[in-house]
Number of protein chains: 2
Amino acid sequence: MPSDPWLAQLQSTGCRLTAARRAVTEVMQSAERALTPVEVYDAARKRDPRLGLVTVYRTLEKLESLRLIQRVHHSQECQAFLKAGEGHQHILLCERCGRAVLFDGDNLEALFERVGEQTGFEIKSHWLQLYGLCEECRTG
Amino acid sequence: MPSDPWLAQLQSTGCRLTAARRAVTEVMQSAERALTPVEVYDAARKRDPRLGLVTVYRTLEKLESLRLIQRVHHSQECQAFLKAGEGHQHILLCERCGRAVLFDGDNLEALFERVGEQTGFEIKSHWLQLYGLCEECRTG
DNA sequence: GTATAATCGAAAACGATTTTCAATAAAGGT
DNA sequence: ACCTTTATTGAAAATCGTTTTCGATTATAC
Ligand SMILES: [Mn+2]
Ligand SMILES: [Mn+2]
Ligand SMILES: [Zn+2]
Ligand SMILES: [Zn+2]
């Protein structure tokens, strides 16, 4: 029974706790911005130098399937991963430094209603991402 | 001076009008859903059987840079292209048949204000995509 | 028509991701 | 602690979508 919630969830779904998974997990938990597989690899190898890139891919896939991390889409690069929040949240990204912040509490029901009527679609889900400048990039 | 607006715009930016570009243009103009490069290739070869996949990539890149088409991101596949609308619009996708509809007139200013205050970010742009079931997939 | 340079397609190169497979090591039972 | 089982690992190879290279083609201007 590991104290870390991600490791606990990994273990509870039948996974073994390995050095590789600990390293990737720590990197993803502490990242303030979305990381590509290679970025995760570089960061995690500081904790476990024997780690292979293949295992990074496999671990990211597992963490994503457990909804502990999520994919972040940029206009070009769509293979970056970020820790996921609890429940329904959206991402706000700094265009300059990449910092990512999660927020919730959109109120789009009225929009869905209107668009649904206009188009004949039944709206099931949505995807909202905001871009801007974080406080430090704005002032600094 | 071609009567087709896309071809006219291509020509006005110094492009030559070739069979390959005509074929890709026609496919993208008439598509009701986002198409991957290979799907464009398959469809366009019915008009120009000598067409090569490389040229499809190059033409899609050109059409995208002219903002005549746009990239559509799915959770996995992010290399599908759809004709772009005029001005600021968003995409509504049918989860079942893939049909894509554009809409405008979101009213997210209040949300941006609130999130900006909460996070210290200055919101610059956004990205909204809706998913649902189109009329035909709902009833049929 | 001819000249010129843009564009083309085939083949090769590239790079990110996935698969294969023998070695390793985590977890559970003794 | 030790052994057994089997999930997991990393290196190497395979795969696959995309890009580059390059000689041949062809749209356009004269
Ligand atoms: Mn939402
Ligand atoms: Mn909008
Ligand atoms: Zn920033
Ligand atoms: Zn549909």
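To find a chain, count down the sequence lines: A is the first, B the second, and so on, and within it residues start at 1.
Side-chain rings of B/His90 and A/His126 stay apart, their centers remaining 6.0 Å or farther from each other.
Rounded to whole angstrom, the span from the CG atom of A/Asp48 across to the C1' atom of C/dA25 amounts to 13 Å. Residue B/Gln79 contributes atom CD, which lies 13 Å from atom C1' of C/dA16 at whole-angstrom precision. In this structure, A/Leu35 atom CG and C/dA16 atom C1' are separated by 17 Å, rounded to whole Å. Across the protein-nucleic acid pair, A/Leu7 atom CG and D/dT8 atom P stand 14 Å apart, rounded to whole Å. For A/Leu10 and D/dT9, the CG to C1' distance is 16 Å, given to the nearest whole Å. For A/Leu51 and C/dA25, the CG to P distance is 14 Å, given to the nearest whole Å. The distance from atom CG of A/Asp42 to atom P of C/dA16 is 12 Å, rounded to the nearest whole Å. If you take OH of A/Tyr41 and P of D/dT9, they are 14 Å apart, rounded to a whole angstrom.
Heavy atoms of other residues, nucleotides or ligands lying less than 6.0 angstrom from CD of B/Gln118 number more than 12. By the neighbour-count criterion of 12 heavy atoms within 6.0 Å, atom CZ of B/Arg67 is sparsely surrounded, having that number or fewer from other residues, nucleotides or ligands. Atom CD of B/Glu61 has 12 or fewer neighbouring heavy atoms from other residues, nucleotides or ligands inside a 6.0 Å radius.
Of all nucleotides listed (D/dA11, C/dA11, D/dT9), D/dA11 comes nearest to the side chain of A/Val54. When distances run from any side-chain atom of A/Arg21 to the nucleotides C/dT7, C/dA11, D/dT8, the shortest one goes to D/dT8.
Between B/Leu53 and A/Leu53, the residue whose closest nucleotide on DNA chain D is further toward the 5' end is A/Leu53.
What you find for B/Cys94 and B/Cys134 is that their closest heavy atoms are SG-N, 3.4 Å.
For B/Glu122 and B/Lys124, the salt-bridge test passes: some basic side-chain N is under 4.0 Å from an acidic carboxylate O. Salt-bridge check for B/Glu136 with B/Arg96: failed, with every basic side-chain N at 4.0 Å or more from each acidic carboxylate O.
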Using a cut-off of 4.0 Å between protein heavy atoms and nucleotide atoms, how would you tag nucleotides 22-30 of chain D 5' to 3' with B, S and -?
-> ----BBS--

